[in-house]
Number of protein chains: 2
Amino acid sequence: MDAAPPDRSPTLDEVALRAGVSRSVASRAINNSGNVSAPKRAAVQRAVRELGYVPNPSARALATNRVGAVVLAVATDVPGIFADAFFAQVIYGISVALERTDFTLTLVLAGRPEGAAKLQQIVRSRRADGIMLMNLHGDDPLARLAEQSAVPVVFGGRPLRTEPRWYVDTDNRGGARLATEHLVEAGYRRIATITGPLSLDVAEARYRGFQDAMAVAGLPAGRVEHADFSEAGGAAAMARLLEEHPDLDAVFAASDNMAAGALRALRAAGRAVPGEVGVIGFDDLPTAQHTDPQLTTVRQPVEALGTEMTRMLLSILDGSRPTPLILPTRLVVRGSTRTLVRH
Amino acid sequence: MDAAPPDRSPTLDEVALRAGVSRSVASRAINNSGNVSAPKRAAVQRAVRELGYVPNPSARALATNRVGAVVLAVATDVPGIFADAFFAQVIYGISVALERTDFTLTLVLAGRPEGAAKLQQIVRSRRADGIMLMNLHGDDPLARLAEQSAVPVVFGGRPLRTEPRWYVDTDNRGGARLATEHLVEAGYRRIATITGPLSLDVAEARYRGFQDAMAVAGLPAGRVEHADFSEAGGAAAMARLLEEHPDLDAVFAASDNMAAGALRALRAAGRAVPGEVGVIGFDDLPTAQHTDPQLTTVRQPVEALGTEMTRMLLSILDGSRPTPLILPTRLVVRGSTRTLVRH
DNA sequence: CTACAAACTGGGAGCGCTTCCAATCATTCC
DNA sequence: GGAATGATTGGAAGCGCTCCCAGTTTGTAG
């Protein structure tokens with residue numbers, strides 16, 4: 001325990017000196033790449049401890065051409081969308097997956113042009129070893145980032161028209177089917193849907209899942225309104241639906257937020273939920289439990305999305321070539337749908 | 001426009017070569033540190049453009065001992081707390097403030113021991129130029145990070161017992177006073193409060209603000225329950241309050257989430273809001289608009305918190321020595337409190 | 001005891017950039 | 001016209017680390 005804290009942190013040379021070995025040996029001992037005899041290794045470890053040595057990441061990065069950082073880029077410009085609990089959960093999942101490694105997480109909000117430029121910059125200057133990219137709209141030029149850059153890109157959710165080499169996605173279509181089937185089983189028949197913006201793959205997939213299930217049930221799938229995944233949008237869409245299809249008896253909203261809006265609109269219109277109209281959402285965000293009645297919904301494993309993206313990226317950096325991953329969804333029945341079939 | 005994209009990005013030397021100048025001049029031109037004649041500067045800029053040159057951050061960091069990254073560390077272990085929209089908004093604010101600089105944002109969840117260790121590591125190895133630290137509990141050893149490290153630390157919110165050198169905080173005490181005064185003015189008299197965990201400065205400050213206002217109004221401030229800022233906690237605390245102080249006619253909950261819980265508990269107990277019992281929250285998160293009735297609350301400028309922390313940190317890195325900043329709050333009246341005084 | 005393979009070791013050359021400094025050039029002022 | 005002044009310039013020394021490679025040591029078999 002030396003009293004005076006050094007104003008400058010010790011370098012590898014100092015460690016080597018103290019351990020009585022050459023810098024090369026010290027380096028090898030620290031990175032435990034072989035070819036170091038046991039006693040010298042021990043001496044180095046001791047010196048490291050005594051000196052409180054921490055390798056300088058910049059120097060290491062310069063020498064190895066790997067920086068020890070991954071970036072999460074979220075292509076959203078609206079604070080509202082990012083502020084959603086969704087991304088917080090993803091980030092949490094990523095952090096957990098990164099905890100045991102010594103990678104660092106860099107966050108880029110790439111929605112606005114400045115952010116996208118920043119992301120480009122990061123990629124081109126190799127400030128990160130890999131990228132996780134989320135929330136791309138159909139026309140987002142960032143979708144091509146993957147091809148342009150030497151750095152591997154893992155997508156969270158698929159971009160609209162292309163199938164990226166690496167991605168983790170939720171089984172949106174299957175989940176939507178689950179939701180719709182649930183409505184059908186509960187005895188609802190005149191089922192409508194509120195979709196997200198169809199420029200988003202998620203939105204399209206969920207819409208397709210709805211159509212799938214309706215077709216299987218032999219029901220018409222024509223009661224449709226589009227919104228933007230937001231609560232306000234959901235409320236407006238619900239109002240439009242009520243106007244055009246006053247006979248509807250259930251609605252599948254492609255997000256909990258929109259479902260919450262729908263709930264609000266239904267109450268305003270004096271329709272009882274779940275008695276007269278059943279409502280089901282998607283996501284199972286905290287919101288779903290704050291509505292009245294609480295939302296029946298489809299749970300997507302958001303945190304797992306983060307962890308799995310990270311795992312995939314790390315394994316790629318590690319040399320393996322994983323295949324895309326689709327995470328399963330699960331129905332969560334709460335109060336906004338009837339649970340028993342009426343005969 | 002060369003056809004073949006280079007497998008390796010160009011270096012400063014190549015730029016210099018192409019521009020017909022020395023590396024030093026190229027460097028100076030690029031960083032526009034003076035002493036470069038106009039023609040050479042132009043030549044360098046042209047070469048940079050033609051080659052698509054981007055400086056290597058690691059090399060630069062190694063040479064300058066500045067890495068171009070700041071970290072946001074959030075000391076929370078519960079996913080639930082981080083998943084709150086609050087942090088997402090802070091992050092958004094930070095990103096916006098960082099957009100125009102070429103700093104990068106590194107995110108560390110430092111609640112669990114692994115995360116804290118990682119933060120230490122980052123600091124000690126100078127992987128970041130500065131730190132923003134949020135959500136410290138009273139006893140968090142990270143509070144001393146500021147003294148230990150050569151890197152400047154800006155606190156978001158104050159730690160409990162110490163006054164850090166640099167911080168940005170919301171005027172929690174003043175905001176709580178605002179909230180309580182509003183209840184008093186609306187004619188409520190038997191006012192209770194649900195505090196957050198008093199090991200958090202925010203919670204304590206809001207509690208004090210409540211006491212302030214009650215004292216000024218000459219009302220007793222003895223109806224108190226403590227919770228954990230969560231909705232469930234708020235509901236439980238409200239239930240306890242109703243049990244112990246059945247005569248209460250209003251409650252100030254120190255967070256919107258707790259207020260939402262309180263609302264739920266009140267409905268369960270059959271008390272009408274705002275008629276029989278007034279409820280006011282704090283934060284003005286999205287939640288506040290999703291409750292029924294919508295929450296009257298105190299708005300704190302969360303995004304601004306992020307921007308201002310960033311601004312402060314950058315100015316410190318720039319050599320200036322700013323003073324702490326307290327952000328103002330503002331009352332937002334919605335449906336959970338009566339608006340007119342009854343006589 | 002010699003020959004040879006295997007296991008270590010440390011010197012040294014970078015990685016790409018900044019920055020000090022001595023040298024060069026252009027100006028300006030008597 | 002020449003010296004003094006200041007603006008430019010480029011050579012070179014690092015920043016701290018990795019890793020190749022030639023040299024040394026150790027061990028083993030013949």
Side-chain angles (χ1 to χ4, degrees), chain A residues 6-45 47-48 51-69 102 121-122 124-127 129 150, chain B residues 6-45 47-48 51-69 102 121-122 124-127 129 150:
Chain A
D7 59 335
R8 197 183 45 76
S9 54
T11 72
L12 186 57
D13 278 303
E14 299 173 53
V15 172
L17 188 64
R18 176 151 196 151
V21 301
S22 76
R23 191 183 358 161
S24 320
V25 170
S27 173
R28 270 178 251 135
I30 286 169
N31 299 298
N32 46 89
S33 34
N35 287 346
V36 180
S37 63
K40 298 219 167 181
R41 174 183 308 272
V44 170
Q45 288 168 341
V48 164
L51 256 32
Y53 170 76
V54 180
N56 179 319
S58 304
R60 195 175 256 184
L62 185 58
T64 61
N65 204 27
R66 281 173 294 114
V67 298
D102 36 30
Q121 187 80 357
I122 289 178
R124 298 195 29 209
S125 65
R126 273 199 87 84
R127 243 184 134 106
D129 298 315
Chain B
D7 60 336
R8 199 182 43 75
S9 52
T11 70
L12 186 57
D13 279 303
E14 298 171 52
V15 171
L17 188 64
R18 177 153 197 147
V21 303
S22 75
R23 192 187 354 178
S24 324
V25 170
S27 173
R28 270 178 249 134
I30 286 170
N31 299 297
N32 46 91
S33 36
N35 286 347
V36 180
S37 64
K40 300 219 165 185
R41 172 183 311 271
V44 170
Q45 288 168 341
V48 163
L51 256 32
Y53 169 76
V54 180
N56 178 318
S58 304
R60 194 176 256 185
L62 185 59
T64 61
N65 202 28
R66 280 173 294 114
V67 298
D102 35 31
Q121 188 79 358
I122 289 178
R124 297 195 30 209
S125 65
R126 275 200 86 87
R127 246 185 131 105
D129 297 316

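Predicted model, so just to flag it, every value in this text is computed and none were measured.
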For the CG atom of A/N31 and the CZ atom of A/R60, what is their distance to the nearest 0.5 Å? 4.5 Å

Just verifying a value: how many Å separate B/N56 CG and A/N65 CG, rounded to the nearest 0.5 Å? 7.5 Å

Using side chain to side chain contact (heavy atoms under 4.5 Å, CB included) as the criterion, list what pairs up with [X], not counting sequence neighbours.
X: A/V54; value: B/Q121, B/R124, B/S125
X: A/D129; value: A/R66, A/V67, A/F103, A/R126, A/L317
X: B/A43; value: B/A19
X: A/D102; value: none

For A/T11 and B/V36, take the nucleotide of DNA chain D holding the closest heavy atom to each; which residue's nucleotide lies nearer the 5' end?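 Final value for this comparison: B/V36.
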
Given that A/I30 and B/R23 both sit by DNA chain D, which one's nearest nucleotide is further toward the 5' end? B/R23

Mind listing the closest non-hydrogen atom pair of A/P57 and B/R127 along with its distance?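 Shortest heavy-atom separation between A/P57 and B/R127 comes out as CG-CG, 3.5 Å.
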
Distance-minimising heavy-atom pair for A/T11 and A/Y53: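 Closest pair (atom of A/T11, atom of A/Y53, distance): C-CE1, 3.6 Å.
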
A side-chain contact here means heavy atoms from C-beta on lying under 4.5 Å apart; do A/R28 and A/V25 qualify?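 In contact.
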
Side chain to side chain donor-acceptor pair (under 3.5 Å) partners of A/D13, counting only residues at least two apart: A/R23

For B/R41, the side chain to side chain donor-acceptor pair (under 3.5 Å) test, sequence neighbours excluded, returns none

Axis-to-axis angle for the helix from C/dC1-D/dG30 to C/dC30-D/dG1, ends of five pairs each, to 10°, equals 40°

Of B/V36, B/N32, B/V21, which meets side chain to side chain contact (heavy atoms under 4.5 Å, CB included) against B/V44? B/V21

Under 3.5 Å between N/O atoms: give me all the protein pairs with nucleotides 20-23 of chain C, atom names plus distance.
none

Integer-rounded Å distance: [N] [atom2] and [X] [atom1]:
X: B/N35; N: C/dA26; atom1: CG; atom2: C1'; result: 14 Å
X: A/L12; N: C/dC15; atom1: CG; atom2: P; result: 19 Å
X: B/K40; N: C/dA26; atom1: NZ; atom2: P; result: 11 Å

Please find the earliest and latest nucleotides of DNA chain D, in the 5' to 3' direction, that have an atom within less than 4.0 Å of any heavy atom of chain B. D/dT8 to D/dG16

Of all of residues 59-69 of chain A, which get a heavy atom below 4.0 angstrom from DNA chain C, listed by number?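 Contacting residues: A/L62, A/A63.
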
